[in-house]
Amino acid sequence: MEYLLEVKNLKMHFPVYGGIFKRQTGSVFAVDGVSFEIRPGETLGLVGESGCGKTTVGRAIIRLHEPDGDVLFMEKSIKDLSGKALVDIRREMQMVFQDPFESLNSRHTIGEILEEPFIIHNAGNLKFRQQQVKKLLDLVQISKDAINRFPHEFSGGQRQRIGIARAIALNPKLVILDEPVSALDVSIQSQIINLLLQLQNEMNLSYLFIAHDLAVVKHVSDRIAVMYLGKIVELTDAARIYEKPLHPYTRALLSAIPYPDPDIKRKREILTGDVPSPLNPPSGCSFHTRCPNAIDFCSQEEPALVAGPESNGLEHLVACHLVC
């Protein structure tokens, strides 16, 4: 099995209703034709500005939304699964959410929260479940006395560790990480990232790491996909995208990363204008309204995501008329 996950032409269009009869007046093109693959044990970073559709991609893959397109998990389509078949596949695919407080039931103790996955999937008796809860707390470096405490008694970093423990409870193959450190202090971010890397090595996990911070994604990803307005505009090896970005949007994002040495002067590529509305995306290349290099043809035809020049046998896909 070469790929654990294959996403093919994924689309998520949300209807917009208006008028006195509440008829559909349009659609929000949150995700508009996204395709990528994740190999076993690999981390794919998915980055872009807020509102570009990153989180919607993650939710659509795990069927929290009902998208168009197809998702193959372990070479099996999950598009039309329902009932027990969908519950069973979710045992192998889990998600860690951005807000570590809202994602935990405030009325349940930590022990009840971590025991719930085992109850849903009928895994073991009460004694087995209690043993597994203690093992999970050990894995994420939380004291066992947390079992009888409630989420509000923990810090943001501790709550995110508990969210991670819940996600890995049933030994999934794929974990979708939806900006797992963006709500945390910088000092705590590094601890959570190190924990995720440790768990990946120990459990052979695959990650879809969704984030807007390219500096964070660099340290955890094997490959990186850059999204803009519901589409992937560049996808390649993590090291290569920092060394030789091809798409002007990727270059602008990279130029905005803070550099620790104030004596080194770097050229900023500042984009003008606002991100277009996904309710009415521009024709042709969706980035042409902000691109400093755009020509008339860019507004007329949408560029395909194809291999860029000088890839030297490496996968380096880019959607730009001026590059390809």
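Hydrogens, waters and symmetry mates play no part in the numbers below; they use all other heavy atoms, side chains included. Positions are given from 1, in the same order as the sequence printed here. Predicted model, so just to flag it, every value in this text is computed and none were measured.
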Would you sort out whether F287 and H247 count as a ring pair (Phe, Tyr, Trp, His ring centres under 6.0 Å), showing the intermediate values? CA-CA 10 Å; F287 186 63; H247 199 280; 5.5 Å; yes

Test side-chain hydrogen bond (donor to acceptor under 3.5 Å, both in side chains) applied to S182 and Q98, step by step: CA-CA 7 Å; S182 64; Q98 178 177 358; 3.1 Å; yes

Which is it for Y249 and E234 under the side-chain hydrogen bond (donor to acceptor under 3.5 Å, both in side chains) test, yes or no, and what are the steps along the way? CA-CA 9 Å; Y249 177 61; E234 189 163 2; over 6 Å; no

Would F73 and L4 count as a side chain to side chain contact (heavy atoms under 4.5 Å, CB included) if you check the C-alpha gap in whole Å, the side-chain angles of each, and the deciding distance to 0.1 Å? CA-CA 6 Å; F73 182 72; L4 178 69; 3.8 Å; yes

Full working for side chain to side chain contact (heavy atoms under 4.5 Å, CB included) between Q94 and V96: CA-CA 7 Å; Q94 288 293 313; V96 175; over 6 Å; no

Before you tell me yes or no, could you show the steps for K11 and V31 under side chain to side chain contact (heavy atoms under 4.5 Å, CB included), namely the whole-Å CA-CA distance, both residues' side-chain angles and the distance that decides it to 0.1 Å? CA-CA 5 Å; K11 296 181 180 180; V31 179; 5.7 Å; no

Begin from the C-alpha positions of I192 and R161 and carry the test side chain to side chain contact (heavy atoms under 4.5 Å, CB included) through to its verdict. CA-CA 7 Å; I192 297 298; R161 288 175 185 269; 3.7 Å; yes

With side-chain hydrogen bond (donor to acceptor under 3.5 Å, both in side chains) as the criterion, how do H121 and D88 come out once you've worked through the C-alpha distance, each side chain's angles and the decisive distance to 0.1 Å? CA-CA 8 Å; H121 293 275; D88 289 344; 4.9 Å; no

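Counting only distance, with no hydrogens or angles, the side chain of D185 and the backbone of S187 share no donor-acceptor pair below 3.5 Å. Although no hydrogens or angles enter the test, the distance criterion places a donor-acceptor pair under 3.5 Å between the side chain of K54 and the main chain of G48. Not one N or O on the side chain of H219 forms a donor-acceptor pair closer than 3.5 Å with the backbone of S190. No donor-acceptor distance shorter than 3.5 angstrom exists from the side chain of S283 to the backbone of Q300, with no hydrogens or angles considered. Formation of a donor-acceptor pair under 3.5 Å by the R63 side chain with backbone atoms of I78 is found in this model. No side-chain donor-acceptor contact under 3.5 Å links E179 to the backbone of I210. The backbone N or O of F150 sits less than 3.5 Å from a side-chain atom of E153, completing a donor-acceptor pair.
Between the CE atom of M93 and the CG atom of L86 there is a distance of 9.5 Å, given to the nearest 0.5 Å. Considering CD1 of I61 and CZ of F36, their distance stands at 3.5 Å, rounded to 0.5 Å. Note that the OH atom of Y228 and the SG atom of C291 stand 9.5 Å from one another [nearest 0.5 Å]. Taking CG of N204 as the start and CG of N171 as the end, the distance is 11.0 Å to the nearest 0.5 Å. One finds the CG atom of D178 at 10.5 Å from the CG atom of D99 (value rounded to the nearest 0.5 Å).
Residues L229 and V275 have side chains in contact (heavy-atom distance under 4.5 Å, counting atoms from C-beta outward). Inter-residue side-chain proximity for L72 and S77 is flagged as met; some heavy-atom pair is nearer than 4.5 Å. At a threshold of 4.5 Å between non-hydrogen side-chain atoms, the residues Y242 and L214 count as touching. A heavy-atom distance below 4.5 Å is not found between the side chains of Q158 and R149. Using a 4.5 Å cut-off on side-chain heavy atoms (C-beta onward), Y3 and E75 make no contact. Residues P151 and I113 form a side-chain contact, since some pair of their non-hydrogen atoms from C-beta on lies under 4.5 Å apart. Contact of the T250 side chain with the L246 side chain is not registered, since no non-hydrogen atoms from C-beta on lie closer than 4.5 Å. Between F209 and P180, the closest side-chain pair of non-hydrogen atoms falls below 4.5 Å.
Counting non-hydrogen atoms of other residues, nucleotides and ligands closer than 6.0 Å to CG of N201 gives a total above 12.
Here the options are I147, I162, V140, I142, the test is side chain to side chain contact (heavy atoms under 4.5 Å, CB included), and the partner is L114; only I162 passes. For the pairing with E115, the salt bridge (charged side-chain N to carboxylate O under 4.0 Å, His left out) check across R129, K127, R166 returns one residue only, R129. No option in K231, H321, H288 other than K231 meets the side-chain hydrogen bond (donor to acceptor under 3.5 Å, both in side chains) test with E302.
Looking at residues two or more places apart in sequence or on another chain, you find a salt bridge (Lys or Arg N to Asp or Glu O under 4.0 Å) between D138 and K144. For D274, there are no salt bridge (Lys or Arg N to Asp or Glu O under 4.0 Å) partners, not counting sequence neighbours. Take D222 and apply the side chain to side chain contact (heavy atoms under 4.5 Å, CB included) test, not counting sequence neighbours, and it matches E42, T43. By the side chain to side chain contact (heavy atoms under 4.5 Å, CB included) test, L64 is found to be paired with R59, I62, R90, M95, F97, residues two or more places apart in sequence or in another chain being considered.
Legend: side chain to side chain donor-acceptor pair (under 3.5 Å) pairs involving residues 21-30, not counting sequence neighbours, sorted by first then second residue: Q24-S27. For residues 211-220, no residue pair satisfies the salt bridge (charged side-chain N to carboxylate O under 4.0 Å, His left out) rule, not counting sequence neighbours.
Between D70 and K79 there is no salt bridge, since no side-chain N of the basic residue sits under 4.0 Å from a carboxylate O of the acidic one. Using a 4.0 Å cut-off between charged side-chain N and carboxylate O, E315 and R39 make no salt bridge.
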